[in-house]
S.K.: 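This is the structure I have questions about; it appears just below.
Below, chains carry the letters A, B, ... as their sequence lines are ordered, and counting in each starts from 1.
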Number of protein chains: 2
Amino acid sequence: MITFDDFKADGKLPVYQQILDYIKRGAVAGTVADGDELPSRRVLSARLGINPNTVQKAFALLEEAGLIESRAGSGSVMTLSAEKLEQLKAELLEEEVLGMVRVLKQTGLDADGAADLIRKYWEEA
Amino acid sequence: MITFDDFKADGKLPVYQQILDYIKRGAVAGTVADGDELPSRRVLSARLGINPNTVQKAFALLEEAGLIESRAGSGSVMTLSAEKLEQLKAELLEEEVLGMVRVLKQTGLDADGAADLIRKYWEEA
DNA sequence: GCAACTGTATTAGTCGAATAATACGCTTTT
DNA sequence: AAAAGCGTATTATTCGACTAATACAGTTGC
């Protein structure tokens, strides 16, 4: 069961998008695996303090992306193949890291300075 | 004159916020300096293809933050002291880099892997 | 002085994210 | 079979970002 214990909304992106990101990053990290069950829409919305419809939207998008399967009565489970995992990892690194690099470049850093900076802040996160 | 030539809205954040970020990052990078003039609200909104009121909101926030000064008839100019610059740099690195590191950590990377990844993607941005 | 710019202010409307309240049908459990 | 929990669907409302149109006041330059 995916607990969502370390999920924390930051307000910068729509909550349903943050749920998608949370699941995708967890899949890449290995903390979310094929066959893992997800909390029900009602339970998760109560746990996160958000509206059931917001969770529903996130889960609907996850299903559309082929990452979960849902059946009324049962719950929702992760459906992660090796190919999907590779695809997810590539997408994440492409989007996130490139976005980060753009910001760092705009502040006038070079590659070595950026790499050093990452190491410096690695502990505090 | 700050040209906003390399400004590109990406839709993930409110446009007025992206303008704020653009100016702040430019200030940290040194491409935006004390005394630099900004395009007028009307000119900039036309150049970026957005509503004048959106630019107005961004400029109002910049003025509130003490980063620009505006006078009707003249335009708006940057007002950057050394202390403000230091403060800006600290804020940017704290927020942006820590945010990045959190994402990379969640994908299961370690500090060295992240640093290598930054170098790898540095060229493509 | 007057035109052509500036910044500033107000009001109304659109759109998407999120909330809220229900309702219905399916599956599991007892 | 019945209850409880599940996914799913619908409609209405709130809120902020953004657009739109317009008006007014100050500065610059001819």
S.K.: Hey, what do you get for CE (A/Met1) to CG (A/Leu38), rounding to the nearest 0.5 Å?
M.R.: 7.5 Å

S.K.: Just to be sure I understand the geometry, which residues of residues 38-47 of chain B put a non-hydrogen atom under 4.0 Å away from DNA chain C?
M.R.: B/Ser40, B/Arg41, B/Arg42, B/Val43

S.K.: Which whole-number value in Å describes the distance from B/Glu37 CD to C/dC5 C1'?
M.R.: 14 Å

S.K.: Using 0.5 Å steps for rounding, measure from the CG atom of A/Asp10 to the CG atom of A/Asp21.
M.R.: 9.5 Å

S.K.: Nearest 0.5 Å please: distance from the CD atom of A/Glu124 over to the CD atom of B/Glu94.
M.R.: 6.0 Å

S.K.: Could you tell me the separation between the CG atom of A/Asn51 and the P atom of C/dG16, rounded to a whole number of Å?
M.R.: 19 Å

S.K.: Would you say A/Tyr16 reaches C/dA17's phosphate, i.e. side-chain N/O to OP1/OP2 under 4.0 Å?
M.R.: yes

S.K.: I need the NZ-C1' distance between A/Lys57 and C/dA18, as an integer number of Å.
M.R.: 9 Å

S.K.: Mind checking whether A/Val97 and B/Leu104 have side chains closer than 4.5 Å, heavy atoms only?
M.R.: yes

S.K.: In Å, rounded to the nearest 0.5 Å, how long is the span from OG of A/Ser81 to CD of A/Glu83?
M.R.: 4.0 Å

S.K.: Treating Ile, Leu, Val, Met, Phe, Trp and Tyr as nodes and any side-chain heavy-atom pair under 4.5 angstrom as an edge, say whether B/Tyr16 and B/Leu92 lie in one connected cluster.
M.R.: yes

S.K.: Is there a side-chain contact between A/Ser76 and A/Arg41, using heavy atoms and a 4.5 Å cut-off?
M.R.: yes

S.K.: Below 4.5 Å, heavy atoms only, C-beta onward: do A/Lys84 and A/Leu88 meet side chain to side chain?
M.R.: no

S.K.: Using heavy atoms and a sub-4.0 Å distance, could you list which residues of residues 59-77 of chain A are near DNA chain C? By number, please.
M.R.: A/Arg71, A/Ala72, A/Gly73, A/Ser74

S.K.: Any residue in residues 18-27 of chain B with a heavy atom nearer than 4.0 angstrom to DNA chain C? Just list them by number, or reply none.
M.R.: none

S.K.: Between protein and nucleic acid, restricted to nucleotides 11-13 of chain D and to nitrogen or oxygen atoms under 3.5 Å apart, what atom pairs and distances do you find?
M.R.:
none

S.K.: Looking at D/dA17, D/dT8, C/dA18, which one has an atom nearest to any side-chain atom of A/Gln56?
M.R.: D/dT8

S.K.: With sequence neighbours left out, which residue pairs that include part of residues 111-121 of chain A fulfil the side-chain hydrogen bond (donor to acceptor under 3.5 Å, both in side chains) condition?
M.R.: A/Asp112-B/Arg119, A/Arg119-B/Asp112

S.K.: Starting at atom CG of A/Leu48, determine the distance to atom P of C/dT19, rounded to an integer number of angstrom.
M.R.: 11 Å

S.K.: At what distance, to the nearest 0.5 angstrom, does CG of A/Leu44 lie from CZ of A/Arg47?
M.R.: 6.5 Å

S.K.: Of all residues at least two apart in sequence or in a different chain, which pass the side-chain hydrogen bond (donor to acceptor under 3.5 Å, both in side chains) check with A/Arg71?
M.R.: A/Ser74

S.K.: Could you grab the distance from atom CD1 of B/Ile19 to atom CG of B/Leu13, nearest 0.5 Å is fine?
M.R.: 12.0 Å

S.K.: Less than 4.5 Å apart, any side-chain heavy atom of B/Ile23 and any of B/Ile68?
M.R.: no

